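The shown structure was predicted, so the numbers you read here are calculated from the model rather than taken from an experiment. Below, chains carry the letters A, B, ... as their sequence lines are ordered, and counting in each starts from 1.
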Protein chains: 2
Amino acid sequence: MSKRGPATHRPGSAGDVWLRPPGRTGRDAPPLSRDRIVEEAVALLDAEGADRLTMRRLAERLGTGSTTLYWHVKTKDDVLDLALDMIFAEVRIPSGDGRGWRAGITALIDGWRAVLLRHPWSAALLGRPMLGPNVLARSEFLYATLLEAGVVEPRLTAAAYGLSNYVIGSALMQSTWLADADEEVRRAARERLRADRERYPALAAHGPLATDGDWDTGFALGLTWLLDGIEAGIATTGDAADAAGGTDTAARA
Amino acid sequence: MSKRGPATHRPGSAGDVWLRPPGRTGRDAPPLSRDRIVEEAVALLDAEGADRLTMRRLAERLGTGSTTLYWHVKTKDDVLDLALDMIFAEVRIPSGDGRGWRAGITALIDGWRAVLLRHPWSAALLGRPMLGPNVLARSEFLYATLLEAGVVEPRLTAAAYGLSNYVIGSALMQSTWLADADEEVRRAARERLRADRERYPALAAHGPLATDGDWDTGFALGLTWLLDGIEAGIATTGDAADAAGGTDTAARA
DNA sequence: TCGGCGACTGGACCATTGATCCGGTCACTG
DNA sequence: CAGTGACCGGATCAATGGTCCAGTCGCCGA
């Protein structure tokens with residue numbers, strides 16, 4: 001390693017002058033923008049999980065020093081917030097065609113859930129205010145669709161929140177349970193539950209560990225229940241019911 | 001401080017012999033058990049939040065050195081897991097009196113939610129397998145009650161998960177939104193949303209920021225929807241409906 | 001042509017944190 | 001009273017988030 005080491009301290013010059021490539025200190029990669037950082041952060045998070053994301057590792061992947069990142073980003077939390085918002089861009093906002101509000105909302109929620117599961121680290125980050133443009137756009141669609149469907153105020157907030165919270169909770173639990181130490185913790189937990197069978201009879205027989213898998217139908221069922229409840233509220237109140245132009249509303253009522 | 005300092009290194013002797021109280025190196029507090037650690041951890045978490053919990057601070061509050069904690073506990077995550085399970089002991093498990101399954105489940109879920117909101121740090125920790133005895137006991141009650149009510153398998157898991165996920169998501173969002181930088185971030189967010197009013201019209205008019213507060217009725221509404229859906233499933237399937245001994249089931253069907 | 005200015009980069013450095021090493025102390029037993 | 005095992009803690013390590021400040025590069029006005 002030819003101990004040039006920390007003694008000389010010549011910042012910027014990576015070796016002798018003769019070895020230094022011309023122009024921009026070498027390295028022809030795009031000049032490191034906030035977007036590139038976040039993009040790479042998402043890749044790193046996808047690949048190695050939330051706790052393996054450090055500023056140094058991220059910088060290394062980007063071919064720069066860790067300090068440089070702080071010029072584009074104030075703190076590490078910024079990176080996380082930006083990454084969280086970025087993946088929400090993957091959720092396609094359903095076009096407001098004539099397929100009714102239920103179809104639109106179902107599509108949105110399903111896409112939302114798919115994204116959260118595709119990036120398992122995201123579930124653990126949901127405990128922070130989500131105010132990025134992509135998140136807001138999806139929420140806007142949700143509120144707008146519910147409004148068009150005729151949902152009014154005491155129930156409007158409940159519906160929007162209920163749906164969001166349901167997705168978030170489901171994704172959080174599922175990705176926790178799946179990603180966290182695959183097949184090892186789960187078997188240990190199963191064993192432990194079977195050992196205490198007399199203490200938790202129902203849980204041991206029908207618990208989440210017994211029926212491993214098939215989260216999808218369970219999720220869909222719960223979603224249906226919520227939507228049914230919302231729809232029933234519209235029918236009861238009755239006002240502005242078919243301002244939505246959705247045939248689905250009338251059909252199911 | 002009379003620089004006796006790090007030079008001498010006399011472990012265990014906190015000062016001269018004359019100053020040392022007799023017996024057990026002084027300090028008459030109970031001899032530091034795992035329970036006492038977790039108890040204090042919960043107190044610290046309640047008082048200062050999740051990110052202020054360090055092993056050193058915790059040890060300081062307990063009047064010991066940080067190293068000692070690792071004799072009772074393997075890692076910091078252990079402390080968090082134990083703390084999370086400990087607060088669930090506060091949730092009273094409803095007695096199976098004749099008030100029907102809906103009343104029991106509602107009571108459980110409400111208690112659950114109350115605890116999560118009373119200890120706001122807990123919401124952020126939900127992204128880890130919850131296998132403590134207290135959590136398991138509550139889940140056991142949930143499953144047992146649903147089984148007694150006559151909910152069968154495709155819908156059983158969906159019901160149990162749906163309810164849990166709904167509480168978790170709701171508590172996560174609410175305590176995030178409330179605890180996180182009170183009244184400052186919220187106003188900034190409100191402002192930002194009002195600024196982009198034309199981009200997010202529905203959100204700005206009826207968003208979570210507009211109708212600040214009254215989370216309770218919203219939560220109750222969503223819970224009703226879920227319970228209605230579960231109940232409808234029982235009525236449809238019809239088998240083993242009144243094996244529960246609950247009068248409520250028959251009454252509402 | 002040149003001086004400098006602003007955008008950007010990174011090596012050294014700092015404080016904090018989780019965790020470990022290892023030399024202790026204490027109550028209790030034979 | 002020696003010995004044993006439960007328990008304690010100062011020093012220390014490695015990793016991490018974040019800052020300081022000395023640099024480099026492209027560009028723009030004089």
- Query: Over how many whole Å does the gap from Asp51(A) atom CG to dT17(C) atom P extend?
  - Reply: 19 Å

- With a cut-off of 6.0 Å (strictly less than), are more than 12 heavy atoms of other residues, nucleotides or ligands near CZ of Arg192(A)? yes

- Task: Figure out the CZ/C1' separation between Arg56(A) and dT19(D), and round it to whole Å.
- Result: 12 Å

- Task: Run the salt-bridge test on Lys74(B) and Asp81(B) with the 4.0 Å N-O cut-off and return the result as yes or no.
- Result: no

- Atom pair distance, as rounded to whole Å: CG in Leu69(A) and P in dT16(D): 14 Å

- Could you tell me whether Arg138(B) and Asp85(B) make a salt bridge, using a distance below 4.0 angstrom between a side-chain N and a carboxylate O? no

- Note on the structure: To the nearest angstrom, the CD-P distance between Glu60(A) and dA15(D) comes to 13 Å

- Whichever of Met55(A) and Gly65(B) has the more 5' nearest nucleotide on DNA chain D, that residue is Gly65(B)

- Query: Which parts of residues 74-82 of chain A get close to DNA chain D, meaning a heavy atom less than 4.0 angstrom away?
  - Reply: Thr75(A), Lys76(A)

- Message: Quick one, Leu136(A) and Leu193(B) - any side-chain contact, counting heavy atoms below 4.5 Å?
- Response: yes

- Could you check how far CG of Leu53(A) sits from P of dT16(D), rounded to whole Å? 10 Å

- Message: Nearest whole Å is fine: how far is dT16(D) P from Arg57(A) CZ?
- Response: 7 Å

- Message: Using side chain to side chain contact (heavy atoms under 4.5 Å, CB included), reason through Tyr70(A) and Met55(A) one step at a time and then give a plain yes or no.
- Response: CA-CA 9 Å; Tyr70(A) 287 99; Met55(A) 295 304 264; 3.3 Å; yes

- Message: Between dG10(D) and Thr67(B), counting only base atoms on the nucleotide and side-chain atoms on the residue, is there a donor-acceptor pair under 3.5 Å?
- Response: yes

Taking distance alone, no hydrogens or angles, what donor-acceptor pairs closer than 3.5 Å link side-chain atoms of residues 39-50 of chain A to residues at least two apart or in another chain?
residue	atom	partner	partner atom	Å
Glu40(A)	OE2	Arg61(A)	NE	2.9
Glu40(A)	OE2	Arg61(A)	NH2	3.2
Asp46(A)	OD1	His119(A)	ND1	2.6
Asp46(A)	OD1	Trp121(A)	NE1	2.7
Asp46(A)	OD2	His119(A)	ND1	3.0
Glu48(A)	OE1	Arg57(A)	NH2	2.6
Glu48(A)	OE2	Arg57(A)	NH2	3.1

- Message: So Thr68(A), base contact, sugar-phosphate only, or nothing? Heavy-atom distance under 4.0 Å.
- Response: base

- Query: For Arg92(A), does the CZ atom have more than 12 heavy-atom neighbours from other residues, nucleotides or ligands under 6.0 Å away?
  - Reply: no

- Considering only heavy side-chain atoms of Trp71(A), the closest of dG17(D), dA7(C), dC8(D) is dA7(C)

- Rounded to whole angstroms, how far apart are CG on Leu58(B) and C1' on dG9(D)? 15 Å

- Task: Please report, rounded to the nearest Å, how far the C1' atom of dC8(C) is from the CG atom of Leu62(A).
- Result: 15 Å

